[in-house]
Amino acid sequence: MRQLTGAEAIREALDLCLAKDPSVVLMGLGVPDPKGVFGTTLGLQKKHGADRVFDMPTAENGMTGVALGATLAGIRPVMVHQRLDFALLAVEQIVNQAAKWRYMFGGQMGAPMVVRLVVGRGWGQGTQHAQSLHAWFAHVPGLKVVAPARPADAKGLLISAIEDDDPVVFIEHRWMQVLKDEVPEGLTREPLGKARVARAGTDVTLVGVSYMTVECLRAADYLAEEGVSAEVLDLRSLRPLDEDAILASVRKTGRLVVADTSWAFCGVSAEVCALVAEKAHGALKAAPRRLGTADCPVPSTPALANLAYPRAEQIAAAARASVGLTGPAPRRAAPVIPLDVPDTSFTGPF
Amino acid sequence: MRQLTGAEAIREALDLCLAKDPSVVLMGLGVPDPKGVFGTTLGLQKKHGADRVFDMPTAENGMTGVALGATLAGIRPVMVHQRLDFALLAVEQIVNQAAKWRYMFGGQMGAPMVVRLVVGRGWGQGTQHAQSLHAWFAHVPGLKVVAPARPADAKGLLISAIEDDDPVVFIEHRWMQVLKDEVPEGLTREPLGKARVARAGTDVTLVGVSYMTVECLRAADYLAEEGVSAEVLDLRSLRPLDEDAILASVRKTGRLVVADTSWAFCGVSAEVCALVAEKAHGALKAAPRRLGTADCPVPSTPALANLAYPRAEQIAAAARASVGLTGPAPRRAAPVIPLDVPDTSFTGPF
Amino acid sequence: MNARLGLYRSLLRARLVEERIAELYPAQEMRCPVHLSIGQEAAAVGVCAALRPGDWALSGHRSHGHYLAKGGDLKAMLAELYGKATGCCGGKGGSMHFIDRKAGFMGATPIVGSTIAMAVGAAFGSRLKGEKRVVVSFLGDAAVEEGVFHEAANFAVLKKLPVLFACENNLYSVYSPLSVRQPKGRSIAKQAASYGMPAWTGDGNDAEKTLALAKKAVAWARTRGPAFLELSTYRWREHCGPNYDNHIGYRTEAEFKAWKKRDPVASFKARLVKAKLLDEGRDAALRAELAAEIDAAVAFARESPYPEPKALLSDVYAGAA
Amino acid sequence: MNARLGLYRSLLRARLVEERIAELYPAQEMRCPVHLSIGQEAAAVGVCAALRPGDWALSGHRSHGHYLAKGGDLKAMLAELYGKATGCCGGKGGSMHFIDRKAGFMGATPIVGSTIAMAVGAAFGSRLKGEKRVVVSFLGDAAVEEGVFHEAANFAVLKKLPVLFACENNLYSVYSPLSVRQPKGRSIAKQAASYGMPAWTGDGNDAEKTLALAKKAVAWARTRGPAFLELSTYRWREHCGPNYDNHIGYRTEAEFKAWKKRDPVASFKARLVKAKLLDEGRDAALRAELAAEIDAAVAFARESPYPEPKALLSDVYAGAA
Ligand SMILES: Cc1ncc(C[n+]2csc(CCOP(=O)(O)OP(=O)(O)O)c2C)c(N)n1
Ligand SMILES: Cc1ncc(C[n+]2csc(CCOP(=O)(O)OP(=O)(O)O)c2C)c(N)n1
Ligand SMILES: [Mg+2]
Ligand SMILES: [Mg+2]
C-alpha cells in the first residue's frame, strides 16, 4: 500500500470530505497559507474555494462560536488550532456551548463540528506550546475525543469525525504528522470509540495514548528481546473509551502499563487504571503503572524537555517490573537522533 | 464554638486577610453589590476600600490577566467567579499563564493569586451553571486546587490559599456556602495538601470530594445502622492530593468508594482509584467504586437533575455492595426536603 | 389586525406572560432561575417586528421577551419553566435555554456574550448555504465588555455578514452599574461603530421608534453587512427572580420610578388611545384574550408530565437512547 | 554618548544580535523557535528610549528587540536560546519567554495577546502599591483581534491606568495578511481610540520619530491614563526562524524590498552621518565593539552548562526543590 505521512493523510481526509459534502468548511489560522498547517491544508483553498477553506482573525474564542453558529445553518465546520494551547481561549465555546448544544435544547439541535488540536512537542516549544489536555475534553460528556497514533487512523478517524453529528475534538500530535506509514485510498473510515490492538501479546498490556503508542511499540520490541510478549493497545478514541478492548486485554495479560502524552495525574491514564480496578478487580497480577509527562510544565531546553517525556525505555522498564523481571535491562546503543525531534529530518523551528 | 455558614466563614477569611496584608485585593463581578457574592463579600468594600475590593467589567479572561499582572507589583489578588462555568473564559490565563508563571521564568516569578470558583447545584441551574471542573485544574502542575466541604475548612483553606505563593483554585460549592457549622475564630489555617478524616471507620473508605463529603457522612450514618463502619475521608485538597491519607485508609479498610461532584470519567475519582491500584495493589478486597454526576450535562428540570447527582443512598449502596451486603437496604423514610435544594431555607432562584 | 395594534398586542402579551410568571414563581413550582424582561419589552418587540419570517434571533439569559416577540410557542415556554417534557427543551434547559426553531428563535444560552459569536456564525453559515437571512443577536450592555463581542463583531464586519446586534442597555449588569464597568461617557454605539458598522441609538422603551430604527438596521444588514442598535431601556424587577429590589441599594427608587413612567406598554397604549385605535374596552378585551391564552398555557405546563428518568441520559449524543 | 548616537547604538545592537542569531541558528544548537524582530528594531528602541528606569515592559512571542531595548541582559538572553542554566529563565523558557526583572522587562509569553492584560494588571498593581510607573505592552497587529485586548483596554481606560499599548503593525500575522483578519481600511489606532484613549500612528521604522511620539504617549500615560501607539513596520525574515521567505508566496519580493529601503538602521545611520554625528570609521568601531560583546555573549552561552536534571521538577511551586 502507498505510504503517507500523518499530515498527508489528514490533508487527504479533508480533501475528500470537502469534495463529498458541500456543507463541510475548513477554517483556522493559516489554513490557506503557504505552510498549510504543517502541510495538512495545502492546496485545499484553491481546490475548494475561499468560501469554504479560509483563514480567520486571531480570535480563537469568537471564531469557535462562529463555527458553532454556522452549524445552525447546516454547515459542518472543521476548525484547526496549530497548538492545543491556543484553544484554551475557546474552551468556553467548546465545553459550555458545543458539548451541550444537543442536550440543553432537548435533542433538537446538534453541533456537528470538528476541532483539530495540534499537540506540540520537541524543539524547545516550551510550556505554552506543548500541552496535551485531551483529558479535559474527555472528561466532558457531549464531546467525543480521538487521538490517532498513525496516519491511517488519522485519516479514518478524521473522516468519521467530520461525518459525525456531534462535536469531536481531534488530538493531532505533531510527531504523528511526520510519521510515514501505509494509508488506504478513498473515503475510508475508522470507527469513533474503538481501540486498536497495535500488536498482540500475552504477558503485559501496554496502553498508548496518541503518539505514546509509537513508544509503546518500541518498548514492545525491547521487551520481545527479553522474551516478554507485550500487547500494545492504541486507544485512538478517548471518549467514548473502548472499555471492552482494555478489559479484554488486561484479563488476558494480567498486567497493565499506560503511557500518555500528558500528565498522569487526573489524566486518561488514571481513567484506564480506574476502569480496570473497577471492572476487572483481581485480574491484575501486578500493580498497574502509569507513565505520563513529568509533573511540571514542559520546559524549553532539550536538556530538561527530553526528561519530561516517557520514552520506550521507561515504558519497557515499567513492563519489566510489572512482569517481575528484576535484573538490569539489556544495554542498548544510545539513540542516534536527538531526543527533541521525531526524526532527523525535523529541524525546527516548529 | 460559634457556628457560621460556609459563606460567613469565607467572608471572615477574606476580611482577616484583607486586614492583615495590604497587598491582598478582592475582585470579581458583583463583589461590592448588595448580595455580595452569596454573602461572602458583604461589607468588605466599605471596610477595606474601593481600591482593594472592587467590581469589574464582564470580562473574565482579561481580568484574570489583570489579576496575574498585578502580582508583578506585589499584589495578591483574590478573584471570584459566581459560577465555575464563567471561568472557562479565563482558563487560558489560569492554565497557560498563571500555572506556569513561576516555572517558565525559571523560578524568578510567582503568581500568588486565588481564583474562587463557585460550583452551582440545584434549582434548575442547568447545563452551564452547575459544572464542577476541578479535575481540569487538578490535572495541571503549577496550580493548587482545594475544595472544602465544611465552613471551617473553607475558612482555613482560603486563608492558606491567600497566603500561599502559588496560584490556588478554590472550589466553592454553592451548597457548602449554606451549611452551618463550627468555625474557629481568628486567622486559622488549614494546610493545603492534607485530607481530613471526617469520620473514622474500619470497614470501608468513603472518599468525598467537596460537597460529596456531606453525602458520604450521611451514607456512613446509614451504613452504621447496618453495622458497617465507614471511614469518611474528605479530600479537601485535590492538588496536591494527600496520597498517604488515602492509602492509609484503604490499607486499613480494604474497600473504597469515591464520590465526586463532577463526572467520574477522567475525574478526581479516577485518580483516587488509580492511585490505590498503583500504590496499594492487593490492598482492596473488593473492586473500588466511583460515584460522580451522571455522564451528561446537568439538566434544568428537577425531575432529571435530582437523578444526576449521587446521593447518600447510592453511596451507601455502593459501600454495601463493596462489603458484600447483598440483601435489600433498610427502608428509609422519603426525604422531607426537595432534592434540588440543600435545605428548606433555600428557595432559589440561585 | 392593524399593524400598530399588532405591535401593542405583542408588547402586552410579553408583559402579561411575565407578570404571570412573577405571580406564580413564589409557588416554587418553576424551579429554575428566571430573568424577567418586564420593562424592556419594546426593544424585543420593535426589533422582531422588523424581521421577516425566515430571519433568526439568538439571545442570552434574559430571553423571554425575545422568544415571545420572535414568535416562540407560549405553551412550550411555560412548560420549560415548569421543567416539563413538553417544554421547548424537554425540560432540560429551563428559563436560560429557550429555543423555538420553527419561529426562528435559534437558541438562548446564559453565558454572557457567547451567543453573539453564534449569531455571527449563523449569518455566515446561512450565507454559505445561499439563504438570504438576517440574524439578530440580542445582547446586554455587559455583553459588549466580553472579548467575544469584539471578536465576533470584527469577523462580522470583515465578512460583511447580515447580522444585527441589538443591544439593550438597561444600565446594569446584575447589580453593577455601568460606571464600574465602562468608562464614563463612552457610548456603546459609538464604540461599536468603530468596528466599521453603522450603529444607532434609540429609545428601547418605545416599540414604534425601535421598529423604525430596526427596519433601517435590518435593511442594512440584509444588503450591506452588520449593524448595531443600542436601545436604552430599564429592567423593572430584580436581575433574577420575580421581585422588585429597589430597596436593596444598588439603584434608587427614584430612578426606577422615572423609568416606570416611560412604561413601554402604558405609553404605547396611551398613544393608541389618542390615535383612536384603542379604547379601554378593546384593551380590556385584548387583556382578557391574552389572559385566557396564558391561563391555558399555564394549565398545559402544570399538567404536562415531567420527562421520564431515562431522558437524563438521552440527547447527549446523536442517535443515542 | 550623544543621545542620538545612543539611540543608534541601541538599534544597531539589536540588529547585530539578531543577525548573529540568524547566522548561528542553522547549527541547531539553539533548539527553540525564534521570532526575529529584524526590520522592526526602531519601534522597540524608540518606545523604550522614552521610558524611565522604573518603568516596565511586557511582550509576546517576538520579544528579542523589546528585551534588548529595555536593557535586558545579552548574555542571559543568548544562554536562554541555547537552553542553558545561565539563561534568563534558566533554560526553561527559550526564545518565547524572556524576562529581565532588573531591567524592568517583566516577561514575554507567546500566547498572542495574553500579556496585554498582564501589562494592564501590572500598571494597576503598581498604582495600588503607590508606584509611579508606566507599563508598556508590546503587541502585534494580530493581537488587537483577540478579545483579551478589548477586555484589557476597557479596564485600562476605566481605571485610567498608566499603560502604553505599543502596537507594531507589520502587516502580517504569521503568513496571514491583514486583509483576511481585519476589515479593509479600518485603522487599528482609530479603533483603539474608540475605547477612550489617545492613539497615535507613527513610522515604526524611524527610531527618532517613534521616540518623539512615545514621549508624548508615555507622558500621557504617566499622568492621564492609557495611550496607544500604532507603529507601522515590517518583519524582514520568516515569521519564525532565521531565513528569508519572500519566495514562498504570502508576500512579494517587491513589498519586502520597498520596506528594506526603509531599513531603520541604515536610514538612521545616514541621517547621523549627514548630521556629522557619525562617519564610517566611527560606525565600524561601534560595530566592532558590539560584535565583541556579542562574541562574548555567544561564548558565554555556548560554554554555560545545561541545567541539572533535577531542575526539571524545580520551580513548579514556591519553596519546592
Ligand atoms: C461569562 C459570564 N459572566 C458572568 C455571568 C453572570 N451574569 C449573568 S447575567 C449577567 C448580567 C449581564 O448583564 P447585561 O449583559 O447587561 O444583561 P442584563 O442582565 O442587564 O439584561 C451576569 C454578569 C454569566 N452568566 N456569564
Ligand atoms: C492565541 C494564539 N493564537 C495563535 C498563535 C500562533 N501565533 C504565533 S505568533 C502569531 C502571529 C501574531 O501576529 P502579530 O500579533 O501581528 O505579531 P507578529 O508575529 O507580526 O510580530 C500567531 C498567530 C499564538 N501564539 N497564540
Ligand atoms: Mg444590562
Ligand atoms: Mg504582525
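Annotation for D:Val180 and C:Leu158: closest pair O-CD2, 3.3 Å, computed over non-hydrogen atoms. Residues C:Pro183 and D:Val157 share a closest heavy-atom pair of CG-CG1, 3.3 Å.
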Only pairs under 3.5 Å, no angle test: what donor-acceptor pairs are there between chain C and chain D?
residue  : atom : partner  : partner atom : Å
C:Val144 : O    : D:His150 : NE2          : 2.6
C:Gly147 : N    : D:Glu151 : OE2          : 2.6
C:His150 : ND1  : D:Tyr195 : OH           : 3.3
C:His150 : NE2  : D:Val144 : O            : 2.6
C:Glu151 : OE2  : D:Gly147 : N            : 2.5
C:Asn154 : OD1  : D:Arg186 : NH1          : 3.3
C:Asn154 : OD1  : D:Arg186 : NH2          : 2.7
C:Asn154 : ND2  : D:Arg181 : O            : 2.9
C:Arg181 : O    : D:Asn154 : ND2          : 2.9
C:Arg186 : NH1  : D:Asn154 : OD1          : 3.3
C:Arg186 : NH1  : D:Tyr195 : O            : 2.7
C:Arg186 : NH2  : D:Asn154 : OD1          : 2.7
C:Ser194 : OG   : D:Ser194 : OG           : 3.0
C:Tyr195 : O    : D:Arg186 : NH1          : 2.7
C:Tyr195 : OH   : D:His150 : ND1          : 3.3

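Under the side-chain contact (heavy atoms from CB on, under 4.5 Å) criterion, C:Ala117 pairs with A:Gln93, C:Val148, C:Ala152, sequence neighbours left out.
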